[in-house]
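Before any comments, here is the structure.
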Amino acid sequence: MYIQELHTVEGQKVKLQGWVSNKREGKGIVFVILRDGTGYCQCVVTETEVDGSIFEIAKGLSLECSAEISGTVVKDERQVGGFELRVTDLQLIGNSPNYPIAKKEHGIEFLMDNRHLWLRSSRQWAIMRIRNTIIFSIHRYFQENGFMLMDSPIFTGNAVEGTSTLFETDFYGAPAYLSQSGQLYGEAMAMAMGRIYTFGPTFRAEKSKTRRHLSEFWMMEPEMAFCDIFQNMDVIEEMMHFVIADVLKNCRKELELIGRDISVLESSLQPYPRMTYDQAVRIIKGEEDVNGVNSITSLERELQQVTAKISEMESEIAEREKKIADGNLKKGEINFNQNKIDTLKNEKSELEEDAKNIPQWIASAKGFEYGNDFGGSDETVITRLFDKPIMVYDWPHEVKAFYLKRNPENPRFARGVDVLAPEGYGEIVGGGERETDEKLLVEKINEHKLPMDAFEWYLDLRRFGSVPHSGFGLGIERMVTWVCKLKHVRESIPFPRMYGRLKP
RNA sequence: UCCUCAAUAGCUCAGCUGGUUAGAGCAACUGACUGUUAAUCAGUAGGUCCCUGGUUCGAGUCCAGGUUGGGGAGCCA
């Protein structure tokens, strides 16, 4: 019996199998919170109602030991799942002495070292369920709209875009690289099948240490024949709406558990503002307001708020420390205040990072040079002004990938489109219409100093029945991070691979 | 690669301008309590102060170098 199905068997006797996520004890009574992957359930063991040996086992249960527990399902509004189990029988399956993750705040390094166990905690459980919903929902959107799943290779003989650093491996004595995108192969497959999408891991070897970078991440990359950049944007928007609606419908509990304010997700079901690079630059530099809000002045206001919040926290910490130092407090009150101080200090150091970063963002936004690609801070600056994702298209062709089509009306611009998630999250989708002019492509390949012979097959796609086509790549982890409003991508994937992190 | 911050008990953190035997809470362990929601209460035990070198009568504290980690730049989904 799974916990999520308990509502169907009220009053009946069932057997649950799972792990002890918490235990509380009173005289003659033990409360065991059991989790089985589908949910949480409080199991009540009363001394007078079970065998003496069973009560002893219940008292000896420790965090994360596994057990089979039988009992009667009773409705109880106070409980998380709405039901509890009055235990009649209990069997210990696997012991768990000294479980390292305690019921308290932990630092990120410790949690990452224990990622294999951290995944069992309720917050991670909720995030992984949302990740699953997002992935399944994307598949469903594409499958229901005539796309076919076709996978691109992971070993490649050459860099796709020639820009980012790749992981090199040995392929029977020849150098091979782990794929940084299935893009070019996607184009070939779209010419065979019409509309395809790929879903697989992607590797980038940059030594990035930021909250939005992973060395290994998962990407969905659709590619569509007979599709221009505007139809491409229609598909992106429709897919995003589909996925977000699905999460809102199926993951209410999970969103609530992680404390996600869903109003932005709800407004993200509306159409997304589409703007050119030119307009986005004006907004970043503060030359154009968004709904009466200016990028620069709103950042300055935020900085003031952050600074005020920090000093507020400092005085609260000092106050509580004084209370403890004065004595006269009961042990429980000291404990409460000490925990409060720890939490406040944690929050404070996060705010201090912001206080350090915001002035840099302001400077970088003010001094933004037209013609450059957006940096992480520029994306943060512009997306903070919106309550839904935005789409920025028509970029200076020099800063974008070689395969993007030029705007026929103004060849200075390439028809790339970036989808930037709101609330400061930034790029979650990158795509565009592909260049079909063989001459322009050859020019670009030379410009980027890429080995021409590696692209002969790619040029064939233009030589034999070339058609307008477009596609995009959606970073799963970045999508999950935004939907869950996580502080860092590393929580959006079971076992993150990033600079300095290969274990567990 | 560069900038910046940090490292003290299993965990989260105090430890002020260098000064006797390095502290608290949680967790663990022992006991008390019949409805708890991170339960509460009493007690016990727990330390290579990241490493190497230096300054000093004296270093957890100051200095230099290194290691590991956090945040950011570049790069990007």
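Keep in mind that this is a model prediction, so the values were computed, not measured. By convention in this document, chain letters (A, B, ...) are assigned in the order of the sequence lines, proteins followed by strands, and residues within each chain are numbered from 1.
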Using OP1 and OP2 only, check whether a side-chain N or O of [X] sits under 4.0 Å from [N].
X	N	result
A:K207	B:U1	yes
A:K356	B:G71	no
A:R24	B:A39	yes
A:R490	B:G71	yes
A:N22	B:U36	no

Using a 4.0 Å heavy-atom cut-off, does [X] contact any base of the nucleic acid, only the sugar-phosphate backbone, or nothing at all?
X	value
A:F110	sugar-phosphate
A:R212	base
A:D76	base
A:Q42	base
A:I428	sugar-phosphate
A:L63	nothing
A:D418	nothing
A:H106	sugar-phosphate
A:E47	nothing
A:T48	base
A:G376	base
A:R86	base

Determine whether the side chains of A:H7 and A:K75 contain a donor N or O and an acceptor N or O closer than 3.5 Å.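 There is no such pair (donor and acceptor under 3.5 Å, judged by atom type) between the side chains of A:H7 and A:K75.
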Assign each of A:R501 and A:V429 to its nearest nucleotide of RNA chain B by heavy atoms, then name whichever residue's nucleotide is nearer the 5' end.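 On the 5' side of the pair lies A:R501.
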If you assign A:E84 and A:K23 each to the RNA chain B nucleotide with the nearest heavy atom, which residue ends up on the more 5' nucleotide?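 In this pair, the answer is A:E84.
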Rounded to whole angstrom, note down the [atom1] distance from [N] over to [M].
N	M	atom1	answer
B:C3	B:U40	C1'	49 Å
B:U61	B:A6	C1'	15 Å
B:G25	B:U21	P	23 Å
B:C5	B:A77	C1'	28 Å
B:G60	B:A14	C1'	12 Å

Does the gap between the ring centers of A:F142 and A:F199 come in under 6.0 Å?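 No, too far apart.
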Who pairs with B:G19 - Watson-Crick or G-U, where each distance is under 3.5 Å: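 The answer is B:C57, by the H-bond criterion.
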Partner lookup for B:A24, please. Criteria are Watson-Crick or G-U wobble with both distances under 3.5 angstrom; report none if nothing qualifies.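 Answer to the pairing question: B:U12, which forms a Watson-Crick or G-U pair with B:A24.
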Does the plane of the ring in A:W395 sit parallel, tilted or perpendicular to the ring in A:Y277? Use 30° and 60° as the thresholds.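 Rings of A:W395 and A:Y277: tilted, 30 to 60°.
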Determine whether A:H139 and A:Y197 satisfy the following criterion, ring pair (Phe, Tyr, Trp, His ring centres under 6.0 Å), listing intermediate values before the conclusion. CA-CA 9 Å; A:H139 275 296; A:Y197 70 106; 5.5 Å; yes
How many angstroms lie between CD1 in A:I196 and CZ in A:F147, if you round to the nearest 0.5 Å?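 So the gap between those two atoms works out to 9.0 Å.
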